[in-house]
A.B. asks: 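I'd like to ask some things about the structure below.
In the text below, chain A, chain B and the rest are named by the order of the sequence lines, each starting its count at 1.
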Number of protein chains: 2
Amino acid sequence: MIACVKCGKVENIIRSGFVRGKQRLFCKACDVYFSVTPPNPSTSKKQHQTTIIDVAKVLGVAPSTVSRALNNSAEINENTRAEIIRVANELDYRPNLLAQSLHRGETHTIGVVIPDIQRPFFAGVVAGIQKVASEAGYRVMICQSNESHNTETLNVQALVASRVDGLLISHSQETNTFEHVKLQLKKGLPIVHFDRVCDELDTAKVIQEDFAGSFGLVEHLILQGCRKIAVFAGPEDLLISQKRLNGYLSALKKYGISIENELIFHSNFKHEESIDALNYWFSLREKPDAIFTIHYANAIEMIVELKRRAIKIPDEIALAAFGDDLLAALIEPSLTVYNQFPYLVGQEAASILIENIINKDTFQPFTKTIKGELIVRQSSLKNLNAN
Amino acid sequence: MIACVKCGKVENIIRSGFVRGKQRLFCKACDVYFSVTPPNPSTSKKQHQTTIIDVAKVLGVAPSTVSRALNNSAEINENTRAEIIRVANELDYRPNLLAQSLHRGETHTIGVVIPDIQRPFFAGVVAGIQKVASEAGYRVMICQSNESHNTETLNVQALVASRVDGLLISHSQETNTFEHVKLQLKKGLPIVHFDRVCDELDTAKVIQEDFAGSFGLVEHLILQGCRKIAVFAGPEDLLISQKRLNGYLSALKKYGISIENELIFHSNFKHEESIDALNYWFSLREKPDAIFTIHYANAIEMIVELKRRAIKIPDEIALAAFGDDLLAALIEPSLTVYNQFPYLVGQEAASILIENIINKDTFQPFTKTIKGELIVRQSSLKNLNAN
DNA sequence: ATAACTATCGGAAACGTTTCCGAAAACGAA
DNA sequence: TTCGTTTTCGGAAACGTTTCCGATAGTTAT
């Protein structure tokens, strides 16, 4: 028979139901309800990371004293501090950043949303981001959208839940509405866009010379004597595709070359589409004498296919592409490209975001353009080959 | 004149020093000390992420009620739950994972330490890791050691401070002592090694067939008629280099080919060393007729250099390498390789780690070997070219 | 009417860390 | 000795969330 938790007597106890799998009792004398608590299971000493409380116990001081010692406070005796630091090192104390960040209201973590880490451009950007972040004492949390708007939205939500101090975003191909970003911007979260930016949001941006780079590549093809230049573009909604396409159109216009719609092929950058475009263009009565792809991987795919068809590059058809990689230099013929300097893009983006985080109240969003470089290689050198 | 905080009188007040930039006062009547607190600065309503407390205030319920509603508790009325969920969505409530993880004692985050994200092998591994982790509800935090033992140690410490639930580690080239990992293992942190593992630690491991892959590549070269096969190895301390070198040695032995020390070149995988090795080998009285590199990037570098020297591959010298990439297939001559399937390595490693995290008390470390694939390409096909 | 049960809400305390404050001892000046 | 200062420690409360418990109203069975 169970005794009352208040008076200790058993004669006035009646049952009062089962709640949460446990018998509840009522003492009529005291007007008190209570549960029958099972015997305390042996709380085995569980392995865990050392806490400030563990260090404090070893030394017989308060946790606040340990904290002061480890954090350059003036209100700690130097001998006490040295002793605390000694024990903390002995016990391999590592601050719990969860607790620390919860208290401080900042995590020193920046979230990065990119389409695909396996793409050399984005791997390069991430490397640049990590370099700058690391030097500024920030961690980096990377998410991949895999070109899906929905995944991108989930990524943003997960990073917000992790309470990142700021976001670096390069949008997925699919993303054409931006509520998920707008909402966080409104809440005051620092956000910097890079590469695939969004013109309707007042964020800082790091972009490349999409227009000028494109213009320069097409101009170079024109100066090589090309007159029927086909362009393999991306989705019509994708801002960088629009800009690069405009550079193409502008170069044609400058040199008085008429624009032919059948030479403009819109795609989702897929391999099969590279082949489709080639098939289409080579079925025309007048074939193109040059191809410009706005994403270099498609140019690689086309080089492989043209070589398979024994079509001579650049004699029969020249190639030029936006973006660079070691492969572009080593494939034969080597590919004429516009190098975007992804590592530098990453560095700039991280640098601007950190400035935004630190000077949150005064930061004014701006756009930083990273100047790329036209690299002429074998794939477009028609005149040289004419010798 | 300031009044006593206790009795409200001013006549018994004396000064009692300056502490923390503020005047302290003493009331002789009450025997009470206090500071002069400056007027409360206007606490402007600061923008922040919505908390459970915000939702609770809107509805006039307790925070614990909101928590119960959002977490499938049985002790919440369905109407109350629906109302709370409605308001939470309206206010875009996102759980604060810092607080949640602090309470639950787990972060659902796994830490990954790799040498370099820009290396396609590791980018592929990371992609595989992220796939499995994401499906299991885990986040991934990636750190790069940049082949430095010290940076690797700092990475581990940072991840521990972030209270990751487990670690996936591929060691840097420099790392030859493992105290930093042993310490965390002793604290019960789940750890899985992949690729560059450590044999002295009782962790689960995901490895490739270093020996067998190497053996197969060298055997293939021998069957192509090569008899003076040079090997471009890594640092002597690096375990994967040792294993791949052993595969080389074993294949030579199987076919009764004597081992010549000048054909074994140890390096740190640097580009300049690729050139150094070629210079050395071509200065020998008897030049090698094949080269096996244990890291494919060096083979690429050598192909470029040999072509520059107008040395015919594979007629004069064949090449084969450990590791694969698109570039290996597209360079000319295309490179014979052992493909390690990095994405699969990443998937397996993440899968094992998550199992370790979930079944922490019963998990037994084991080693999983990922079977790779020998891919014969142009760089080693001597017999075919003899026609 | 009494006993026993169920449903569901609010409050308290925990997680680890930080920072503010008072307490109290020590010191220096008048 | 009194007044005024400095040093430095411990305690309390905050950060956001979760989970345990009791409180209390309602329901059912005897």
A.B. asks: A side-chain contact here means heavy atoms from C-beta on lying under 4.5 Å apart; do Phe194(B) and Ile114(B) qualify?
C.D. replies: yes
A.B. asks: Please work out which residues in residues 26-35 of chain A have a non-hydrogen atom less than 4.0 Å from an atom of DNA chain D and list them by number.
C.D. replies: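 Nucleic-acid contacts, sorted: Tyr33(A), Phe34(A), Ser35(A).
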A.B. asks: Could you list by number each residue of residues 70-78 of chain B showing a heavy-atom separation from DNA chain C of less than 4.0 Å, or answer none if no residue does?
C.D. replies: Glu75(B), Ile76(B), Asn77(B)
A.B. asks: When you measure from every atom of DNA chain C, which of residues 96-107 of chain B have a heavy atom less than 4.0 Å away?
C.D. replies: Leu102(B), His103(B)
A.B. asks: Do the non-hydrogen side-chain atoms of Leu159(B) and Cys143(B) ever get within less than 4.5 Å of each other?
C.D. replies: yes
A.B. asks: Ignoring hydrogens and angles, tell me if any N or O in the side chain of Asp165(A) forms a donor-acceptor pair with the backbone of Ile110(A) under 3.5 Å.
C.D. replies: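 Not a single qualifying donor-acceptor pair exists.
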A.B. asks: Any side-chain to backbone donor/acceptor pair from Ser67(A) onto Pro63(A)? Under 3.5 Å, distance only.
C.D. replies: no
A.B. asks: Looking only at N and O atoms, is any donor in the side chain of Ser16(B) or the base of dG4(D) less than 3.5 Å from an acceptor on the other one?
C.D. replies: no
A.B. asks: Does the base of dG10(C) carry an N or O that pairs as donor and acceptor with the side chain of Arg68(B) under 3.5 Å?
C.D. replies: yes
A.B. asks: Taking Gln23(B) for its side chain and Gly17(B) for its backbone only, find out whether a donor-acceptor pair lies under 3.5 Å.
C.D. replies: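 A pair under 3.5 Å: yes.
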A.B. asks: For His171(B), what residues pass the ring pair (Phe, Tyr, Trp, His ring centres under 6.0 Å) criterion, not counting sequence neighbours?
C.D. replies: Phe178(B), His193(B)
A.B. asks: Among dG11(D), dG10(C), dG22(C), find the nucleotide with the atom closest to the side chain of Val61(B).
C.D. replies: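 Side chain of Val61(B) sits closest to dG10(C).
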A.B. asks: Within this structure, what is the CZ-to-C1' distance between Arg24(B) and dC3(D), rounded to whole angstrom?
C.D. replies: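 In whole Å, dC3(D) C1' and Arg24(B) CZ are 16 Å from each other.
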A.B. asks: Sub-3.5 Å donor-acceptor pair from the side chain of Asn71(A) to the main-chain atoms of Ser73(A), do we have one?
C.D. replies: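 Looks like no, no N/O pair under 3.5 Å.
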A.B. asks: Whole angstrom is fine here: how far is it from CD1 in Ile13(A) over to C1' in dA3(C)?
C.D. replies: 14 Å
A.B. asks: Counting C-beta onward and ignoring hydrogens, is there a side-chain heavy-atom pair between Phe363(A) and Leu353(A) closer than 4.5 Å?
C.D. replies: no
A.B. asks: So does Gln23(B) get a side-chain nitrogen or oxygen closer than 4.0 Å to the phosphate oxygens (OP1/OP2) of dT5(D)?
C.D. replies: yes
A.B. asks: Need to verify one output field. Residue with the more 5' nearest nucleotide on DNA chain D, Arg94(B) or Gly60(A)?
C.D. replies: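 First, find each residue's nearest nucleotide; the 5'-ward one identifies Gly60(A).
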A.B. asks: Could you give the angle between the helix axes at the two ends of the helix from dA1(C)-dT30(D) to dA30(C)-dT1(D), with five pairs per end, rounded to 10 degrees?
C.D. replies: 60°
A.B. asks: Does any donor-acceptor pair link the side chain of Thr51(A) with the base of dG16(C) at a separation under 3.5 Å?
C.D. replies: no
A.B. asks: Within the 4.0 Å heavy-atom criterion, would you say Ser67(A) contacts the bases, only the backbone, or no part of the nucleic acid?
C.D. replies: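 Base, at least one base heavy atom under 4.0 Å.
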A.B. asks: Let me know the distance between NZ of Lys57(A) and P of dG10(D), rounded to the nearest Å.
C.D. replies: 15 Å
A.B. asks: Report the nucleotide, chosen from dT5(D), dT7(D), dT6(C), that has the shortest atom-to-atom distance to any side-chain atom of Val19(B).
C.D. replies: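 Of all the options, the side chain of Val19(B) is nearest to dT7(D).
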A.B. asks: Provide, to the nearest angstrom, the distance between the NE2 atom belonging to His48(B) and the C1' atom belonging to dA14(D).
C.D. replies: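 These atoms are roughly 14 Å apart.
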A.B. asks: Give a yes or no on whether a donor-acceptor pair under 3.5 Å exists between the nucleobase atoms of dG22(C), that is its base, and the side chain of Arg20(B).
C.D. replies: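 A donor-acceptor contact between them is present.
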A.B. asks: Between Thr153(B) and Asn150(B), is there a side-chain donor-acceptor contact under 3.5 Å, judged purely by atom types and distance?
C.D. replies: no
A.B. asks: Can you give me the closest heavy-atom contact between Ile357(A) and Gly166(A), atom names plus distance?
C.D. replies: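 What the structure gives for the nearest pair is CD1-N, 4.0 Å.
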A.B. asks: If you assign each of Ser64(A) and Phe18(B) to its closest nucleotide in DNA chain D, which residue comes earlier from the 5' end?
C.D. replies: Phe18(B)
A.B. asks: Do Ile117(A) and Ile142(B) make a side-chain contact, defined as non-hydrogen atoms from C-beta onward lying under 4.5 Å apart?
C.D. replies: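 The answer is no; the side chains never approach within 4.5 Å.
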A.B. asks: Is there side-chain contact between Leu97(A) and Gln100(A), with at least one heavy-atom pair below 4.5 Å?
C.D. replies: yes
A.B. asks: Look at the side chain of Thr151(B) and the backbone N and O of Asn146(B), then say whether any donor-acceptor pair between them is shorter than 3.5 Å.
C.D. replies: no
A.B. asks: Run the side-chain hydrogen bond (donor to acceptor under 3.5 Å, both in side chains) test against Ser35(A) and tell me which residues pass, sequence neighbours left out.
C.D. replies: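 So Ser35(A) forms a side-chain hydrogen bond (donor to acceptor under 3.5 Å, both in side chains) with Arg24(A).
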